[in-house]
Amino acid sequence: MHAWISLPSKSEYRVGVDGETVDFWIQENAEKELNSVLLGTFATSAREGCQRSLTLLFSLLSSWSFQTQRPVAVRELLIEDKTHGAKWVVRPQAQTPLKLNDITVSLGAPNPIGSLLALFREGMASVQPAYRFLCYYKILEASNKGSGPFQQVNHLFADKGRVAARNVLRIQAAMFQGKCEPEKYEHLIGKKFGWCFEQMNEARKFLAHPFDADGVFVSLDDPNTLQAISDLANIAERMVIEVLVEEIRVVESLGVSENSRRVIAGYVHESWGRDLLERT
């Protein structure tokens, strides 16, 4: 949406990808700046054609990002399967306008809930699967270890001679209600969050240390790799929401000051589909 890049002298290309041919055209807007890229290939299936084209597109974007020293990413995909007369549009979805809470207190002061939600915001705002996953992973890691903000909450309870009583969270089907491709998470139903978090450690190690001692590495230009990371990020996102809901409940149970109570309430909204705080 915000790439002011002058086009190269040539706008039509034919490139070989894994022994097959991909044609692509660089398209301009009214100001003769980069607007979109059209790719086409003959393939035995829509999935194969999309994967081959995306492999080239991601590689191209990586090159452009380095050449221009600017962030470049895919905003939306328009896919047409001419063989079967099928079309897909993959873009950020418009949604019904949401009503925000009234601002009754500053939320900017450092506090445990706020620091967790800052990471959540970063993950939600990113279109890059790897960064989304790492933001959510760090929240789950702190929750699993009882460190960082979770440890700070524990100290608040200890100061009052109490212990923070958190519920044991498990994956529930309701967490993925309305999400497509249920086969990607059905095997997790009933599993504890701690177990699920441990299964994510390999992905975390790959993203933190992408090149191993044997010289093996996997490129983030590979659509299969990005899809796998995106699937994990989606699962981690659902888990993080439950963790944050639980932590808000725990902090509220502490019986904090009225000002702190208003800070917590500032984060809670009826659009979450449940009333997180007991109202009086």
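The first residue of the sequence shown is numbered 1, and numbering continues consecutively from there.
Looking only at side-chain heavy atoms (C-beta outward), Met200 and Ile235 come within less than 4.5 Å of each other. Residues Met124 and Arg132 form no side-chain contact, since every pair of their non-hydrogen atoms from C-beta on lies 4.5 Å or further apart.
Between Glu252 and Arg249 there is no salt bridge, since no side-chain N of the basic residue sits under 4.0 Å from a carboxylate O of the acidic one.
One finds the OG atom of Ser126 at 12.0 Å from the CZ atom of Arg121 (value rounded to the nearest 0.5 Å). Between the NZ atom of Lys82 and the NZ atom of Lys87 there is a distance of 9.5 Å, given to the nearest 0.5 Å.
Cation-pi check for Lys10 over Tyr13 is met; the charged atom lies under 6.0 angstrom from the ring centroid and within 45 degrees of its normal.
Scanning both residues, Ser253 and Phe157, for their nearest heavy atoms gives OG-CZ, 3.7 Å.
Here Ser59 pairs with nothing under the side-chain hydrogen bond (donor to acceptor under 3.5 Å, both in side chains) rule; sequence neighbours left out. Listed by chain and number, the residues in a side-chain hydrogen bond (donor to acceptor under 3.5 Å, both in side chains) with Ser36 are Gln27 (sequence neighbours excluded). Take Arg238 and apply the salt bridge (Lys or Arg N to Asp or Glu O under 4.0 Å) test, not counting sequence neighbours, and it matches no residue. Residues forming a side-chain hydrogen bond (donor to acceptor under 3.5 Å, both in side chains) with Lys192 (at least two apart in sequence, or on another chain): none. Take Glu20 and apply the salt bridge (Lys or Arg N to Asp or Glu O under 4.0 Å) test, not counting sequence neighbours, and it matches no residue. Not counting sequence neighbours, the partners of Asp23 by the side-chain hydrogen bond (donor to acceptor under 3.5 Å, both in side chains) test are Arg14.
A donor-acceptor distance shorter than 3.5 angstrom exists from the side chain of Ser65 to the backbone of Arg70, with no hydrogens or angles considered.
Partner Leu119 forms a side-chain contact (heavy atoms from CB on, under 4.5 Å) with one of Ile139, Leu134, Val240 and no other, that one being Ile139.
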